[in-house]
Amino acid sequence: MTSEDLTHHGDKDTAPGMLDFAVNVWLPAPPRWLRDRLAAALDRLATYPSAADDVSAREAVAARHGRRADEVLVLNGSAEGFALLPNLEPRLAAVVHPSFTEPEVALRNAGVPVHRVLLDGDYVLRPELVPDEADMVVIGNPTNPTSVTHPAELIRKLARPGRLLVVDEAFMDALPGEPETLTGDPDVLVFRSLTKTWALAGLRAGYVLGPKPTLEKLAWDRPQWPVGTLVLEAVQACCEPAAVAEAAAAAEKALEYKDEFVAALKNVPGVEIVVEPSAPFVLIRVPDGRKTRETLRERGIAVRRGETFPGLSVDHVRLAVRPPAETARLLSAWPVEVA
Ligand SMILES: Cc1ncc(COP(=O)(O)O)c(C=O)c1O
């Protein structure tokens with residue numbers, strides 16, 4: 001067992017009506033065109049999800065990433081894919097932390113030995129910390145919650161014969177141009193999510209790219225019709241060129257907001273930017289994290305606690321990047337008296 005509550009996620013730090021800096025979903029609701037696509041797909045719900053819909057979704061993903069359709073598996077969110085990781089029967093999984101905790105939860109629950117690779121300082125990957133015996137290495141890129149993007153070349157250094165690299169790229173589409181993505185590397189298992197960019201947390205939609213035999217082993221015990229028609233429709237829609245262009249524009253906007261947010265945070269007494277963020281969330285450290293969180297909560301603002309991430313403390317707080325008007329509300333409510 002572990003000392004942190006690994007099943008804690010940002011949604012538990014917020015509540016209806018609060019100004020939400022805890023959950024990293026970019027939009028308040030899916031865009032109109034996507035809602036229309038999903039609404040039109042409702043007409044197909046009388047039948048089971050069709051093989052044709054599955055192929056169309058996988059082909060759209062494949063085209064988006066320059067891969068083959070048989071190198072794609074559509075998922076009920078990348079979290080479902082993490083829950084399937086034990087099917088690959090790793091003997092020792094190295095999980096790079098601090099990072100999103102669901103892969104470790106799934107591996108531990110299945111009895112897979114987990115070695116934590118704990119980064120600190122600049123939180124950049126140090127390949128020498130990964131034990132040679134690890135036949136699976138799990139890493140997030142960009143990493144939640146540190147907001148660090150590891151160079152793809154550095155992650156590739158972890159490759160060994162007989163070792164599978166698992167990369168959680170849930171936030172990669174939030175970076176303009178998706179630098180450092182490993183979606184083009186045929187031997188790597190890369191998880192992508194629709195949740196963050198498209199405000200689809202409630203739908204559960206994502207996919208994984210990887211070698212066909214690995215995907216077959218990953219998915220061997222999934223039930224018939226593992227994902228629904230609406231998930232297939234969403235995956236197809238969000239991988240089409242117009243959607244990819246829209247996501248890229250949103251990523252540019254997020255970058256702009258982030259830079260303004262970081263500049264403003266640097267002037268807040270007591271706030272330390274832990275590392276210069278690359279993704280649309282910022283990891284900070286404050287003198288009294290619990291008090292800061294509670295005071296903000298009393299003022300109607302939710303932030304993500306840090307201590308449930310291995311390697312972080314109660315004084316770490318993760319803040320989502322939001323539009324300037326919301327950021328201004330956060331900054332004016334900031335409890336400087338706690339500093
Ligand atoms: C880094 C990271 N990966 C994956 C997920 C889960 O994504 P999905 O909604 O696709 O299951 C999250 C959700 O918070 C996340 O932060």
Side-chain angles (χ1 to χ4, degrees), residues 4-14 20-27 30 34 57 61 72-85 95-107 119 123 125 138-150 155 166-175 178 180-183 189-209 218 222 226-228 230-232 234-235 238-239 247 254 277-283 302-306 308-312 316-321:
E4 306 86 0
D5 175 5
L6 297 182
T7 61
H8 182 97
H9 297 297
D11 55 342
K12 290 189 191 149
D13 284 323
T14 190
D20 184 3
F21 283 81
V23 176
N24 279 323
V25 172
W26 178 240
L27 300 168
L34 181 53
V61 176
V72 178
L73 196 67
V74 177
L75 299 167
N76 296 295
S78 50
E80 189 213 3
F82 300 141
L84 296 172
L85 285 176
V95 181
V96 180
H97 280 300
S99 69
F100 185 61
T101 44
E102 285 302 314
E104 177 168 329
V105 169
L107 291 162
L119 305 178
Y123 292 103
L125 174 63
V138 185
I139 185 165
N141 207 34
T143 309
N144 169 18
T146 58
S147 208
V148 166
T149 301
H150 304 289
I155 298 180
V166 177
V167 185
D168 173 5
E169 292 194 359
F171 286 99
M172 188 59 83
D173 64 344
L175 305 189
E178 304 194 356
E180 319 306 342
T181 182
L182 286 165
T183 45
L189 208 54
V190 180
F191 288 87
R192 303 283 292 227
S193 173
L194 266 55
T195 296
K196 314 294 177 181
T197 297
W198 299 111
L200 287 178
L203 183 62
R204 316 304 306 124
Y207 54 88
V208 56
L209 298 152
L218 190 74
R222 287 175 104 196
V227 293
L230 296 180
V231 174
L232 294 170
V235 167
C238 294
C239 284
S278 64
F281 44 90
V282 186
L283 182 64
V303 296
R304 170 64 160 97
R305 69 189 64 199
T308 63
F309 289 103
L312 298 190
H316 288 92
V317 175
R318 192 195 68 200
L319 303 171
V321 169

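Whatever order the structure lists ligands and atoms in, that order sets their numbers, starting from 1.
- In terms of N/O distances under 3.5 Å, ligand 1 is not approached by Gly77.
- Set against the non-hydrogen atoms of Arg204, the atoms of ligand 1 under 4.0 Å away are 8 (P), 9 (O), 11 (O).
- With distances taken over non-hydrogen atoms, the option nearest atom 10 (O) of ligand 1 out of Pro103, Gly10, Gly202, Ser193 is Ser193.
- Glu169 is not listed as a side-chain neighbour of Val208, based on a closest heavy-atom distance of 4.5 Å or more.
- Set against the non-hydrogen atoms of Ala170, the atoms of ligand 1 under 4.0 Å away are 2 (C), 3 (N), 4 (C).
- In this structure, Thr308 OG1 and Asp13 CG are separated by 7.5 Å, a value rounded to the nearest 0.5 Å.
- Glu178 has a carboxylate O that lies under 4.0 Å from a charged side-chain N of Arg192, or vice versa, which qualifies the two as a salt bridge.
- Side-chain contact check for Thr101 versus Pro310: some heavy-atom pair is nearer than 4.5 Å.
- Counting only heavy atoms of the protein, atom 1 (C) of ligand 1 lies nearest to Asp168 OD2, 3.2 Å.
- Contacts between Phe191 and ligand 1 below 4.0 angstrom, taking non-hydrogen atoms only, are absent altogether.
- Between Val74 and Tyr207, the shortest heavy-atom distance links the atoms CA-CB, 4.1 Å.
- Nearest-residue assignment for atom 4 (C) of ligand 1 (options Ala205, Gly81, Ser78, Ser99; heavy-atom criterion): Ser78.
- Annotation: Phe171 is in aromatic contact with Phe281 [ring centroid separation under 6.0 Å].
- Close approach of ligand 1 to Thr195 is summarised as follows: ligand atoms under 4.0 Å from at least one heavy atom of the residue are 8 (P), 9 (O), 10 (O).
- We find the OG-CG distance between Ser99 and Asn144 to be 8.0 Å, quoted to the nearest 0.5 Å.
- Taking every heavy atom of Asn144 and a limit of under 4.0 angstrom, the matching atoms of ligand 1 come to 1 (C), 15 (C), 16 (O).
- Of all atoms in ligand 1, numbered sequentially from 1 with element shown, those under 4.0 Å from a heavy atom of Lys196 are 12 (C), 13 (C), 14 (O), 15 (C), 16 (O).
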